[in-house]
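Okay, structure first, notes after.
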2 protein chains.
Amino acid sequence: MTIPSDPSGERISDAEHAVMEVLWDRSPRSAADVCEAICETRDWTIATVKTLLSRLVAKGALATEPEGRRFLYRPLIARSAYVGGESRRLVNRLFGGRAASLFAHLAQSEALTDQDLAEMEALLKELRQ
Amino acid sequence: MTIPSDPSGERISDAEHAVMEVLWDRSPRSAADVCEAICETRDWTIATVKTLLSRLVAKGALATEPEGRRFLYRPLIARSAYVGGESRRLVNRLFGGRAASLFAHLAQSEALTDQDLAEMEALLKELRQ
DNA sequence: TCGATAAGTCTACAGATGTAATCGAGAATC
DNA sequence: GATTCTCGATTACATCTGTAGACTTATCGA
């Protein structure tokens, strides 16, 4: 038996992440409630959702609280922490840790819309003054 | 038997990506040569490298050309294409496709250095004129 | 009270991944 | 020519992931 693991230690898979998004959007929610929100679009059954919820609890990403005869699930890690970790992972892996390189790449591959550029310009101005 | 698959179709795993980086850096190279470049740092044996090379060939990410009695490996997909795909995947998955959101996040989490900011400012100026 | 429900837990199973050992054939060496 | 060395190819095997069915138990309606 292993120790329950620190909250941000274990990797969250793609399918698990989809479940996390539902709970980040609103929580706590029951398994049925999560399925309600996601089973249709992902074409999952409630069984799949239950498995993913269990795995997330085991990974320390979710907490459960009893509500009547069932559980309500609630995120233990903040979305921003997850998103930040994933972003940094990508930047480290593909751009040697240089965020500007990622930016340059997106720019060159025309993945940036005019709106993106405008927003980032505004952000930059704010950051640099 | 399946068709060799289109060049950018199948996902490249983390370990496979490390091998790709070696070949993007310089190619073509033999398996032994790739191991030379990476086995120490990743603590792999030549056997592991060979497996990864084979899988990458099967995925259509690498081409082989015989050189004497062995093979030389060469990337079939450009690094920029791979990097672009991965970046876009992340932006879509975590930021609803909005690159500006990714930057806002990196900025807020202090993942951007002064140099990053300066470079991005320069790039932006270039892009918007 | 008794069966139908519904919740969580256990089990399942195929494919992907990480990490390698082993095998068979050709090349180099003695 | 026999032995050894080296390649790539084949096989192995544990873990993770996606996806879900089966099982157990408690509850709610009839």
Side-chain angles (χ1 to χ4, degrees), chain A residues 1-2 4-5 9-23 28-74 82 86 89 93, chain B residues 1-2 4-5 8-23 28-36 38-74 82 86 89 93:
Chain A
M1 157 125 33
T2 51
S5 80
E10 308 202 38
R11 296 272 307 132
I12 290 173
S13 76
D14 263 25
E16 287 162 0
H17 168 235
V19 168
M20 291 300 290
E21 288 291 349
V22 171
L23 288 164
R29 304 173 94 159
S30 68
D33 198 1
V34 170
C35 185
E36 186 77 26
I38 200 180
C39 280
E40 187 115 22
T41 45
R42 302 278 300 213
D43 198 32
W44 284 344
T45 70
I46 179 71
T48 299
V49 169
K50 285 180 183 178
T51 298
L52 294 172
L53 286 170
S54 298
R55 287 180 183 170
L56 285 166
V57 169
K59 286 181 182 180
L62 292 181
T64 56
E65 57 190 73
E67 191 252 15
R69 61 208 203 74
R70 63 193 172 161
F71 284 164
L72 296 184
Y73 298 85
R74 185 171 40 78
Y82 173 76
E86 290 296 299
R89 260 173 55 83
R93 199 165 64 92
Chain B
M1 160 132 27
T2 51
S5 81
S8 66
E10 309 201 38
R11 297 272 307 132
I12 289 173
S13 76
D14 262 26
E16 288 162 359
H17 168 236
V19 168
M20 291 299 291
E21 288 291 349
V22 171
L23 288 163
R29 304 173 95 158
S30 69
D33 197 1
V34 171
C35 184
E36 187 76 24
I38 200 181
C39 280
E40 188 115 21
T41 44
R42 302 278 301 212
D43 198 32
W44 284 345
T45 70
I46 179 71
T48 300
V49 170
K50 285 180 183 178
T51 298
L52 295 172
L53 286 170
S54 299
R55 287 179 183 169
L56 285 166
V57 169
K59 287 181 181 180
L62 291 181
T64 56
E65 57 189 72
E67 192 253 14
R69 61 208 202 73
R70 63 191 173 164
F71 284 163
L72 295 185
Y73 298 84
R74 186 172 40 78
Y82 173 74
E86 291 296 299
R89 261 174 55 84
R93 199 166 63 93

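We name chains A, B, ... by the order of the sequence lines, and we start the count at 1 in each one.
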* Asked: Could you give the CD-to-P distance, from A:E65 to C:dG8, as a whole number of Å?
  -> 13 Å
* Could you state the CD-C1' distance from B:E67 to C:dG26, rounded to the nearest angstrom? -> 15 Å
* Check: A:H17 main-chain N/O paired with B:R93 side-chain donor or acceptor under 3.5 Å -> no
* Asked: Could you state the CG-P distance from A:L72 to C:dA7, rounded to the nearest angstrom?
  -> 11 Å
* Grab the OH-P distance between A:Y73 and C:dA7 for me, whole Å please. => 10 Å
* Asked: If you measure from the Lys or Arg side-chain nitrogens to the Asp or Glu carboxylate oxygens, is any gap between A:E86 and A:R11 under 4.0 Å?
  -> yes
* To do: Identify whether the distance between the nearest side-chain nitrogen and carboxylate oxygen of B:R74 and B:E65 falls below 4.0 Å.
  => yes
* Rounded interatomic separation in angstrom, taking CG from A:D33 and P from C:dA6 -> 15 Å
* To do: Apply salt bridge (Lys or Arg N to Asp or Glu O under 4.0 Å) to B:E40 and list each qualifying residue two or more places apart in sequence or on a separate chain.
  => none
* Asked: Between B:R42 (side chain) and B:A15 (backbone), is there a donor-acceptor pair under 3.5 Å?
  -> no
* Among all residues two or more places apart in sequence or in another chain, which pass the ring-ring contact (aromatic ring centres under 6.0 Å, His included) test with B:F71? -> none
* Figure out the CD/P separation between B:E36 and D:dT6, and round it to whole Å. => 14 Å
* Once you round it to whole Å, what is the distance between P of D:dG8 and CG of B:L62? -> 13 Å
* When we call it a touch if two heavy atoms are under 4.0 Å apart, what does B:A32 touch: a base, just sugar-phosphate, or nothing? -> nothing
* Asked: Atom CD1 of B:I46 and atom C1' of C:dG18: how far apart are they, to the nearest Å?
  -> 16 Å
* **Summary of protein contacts for nucleotides 14-28 of chain D, nucleotide by nucleotide, where a base hit scores B, a sugar-phosphate-only hit scores S (4.0 Å, heavy atoms)** => ---SBBBB-----S-
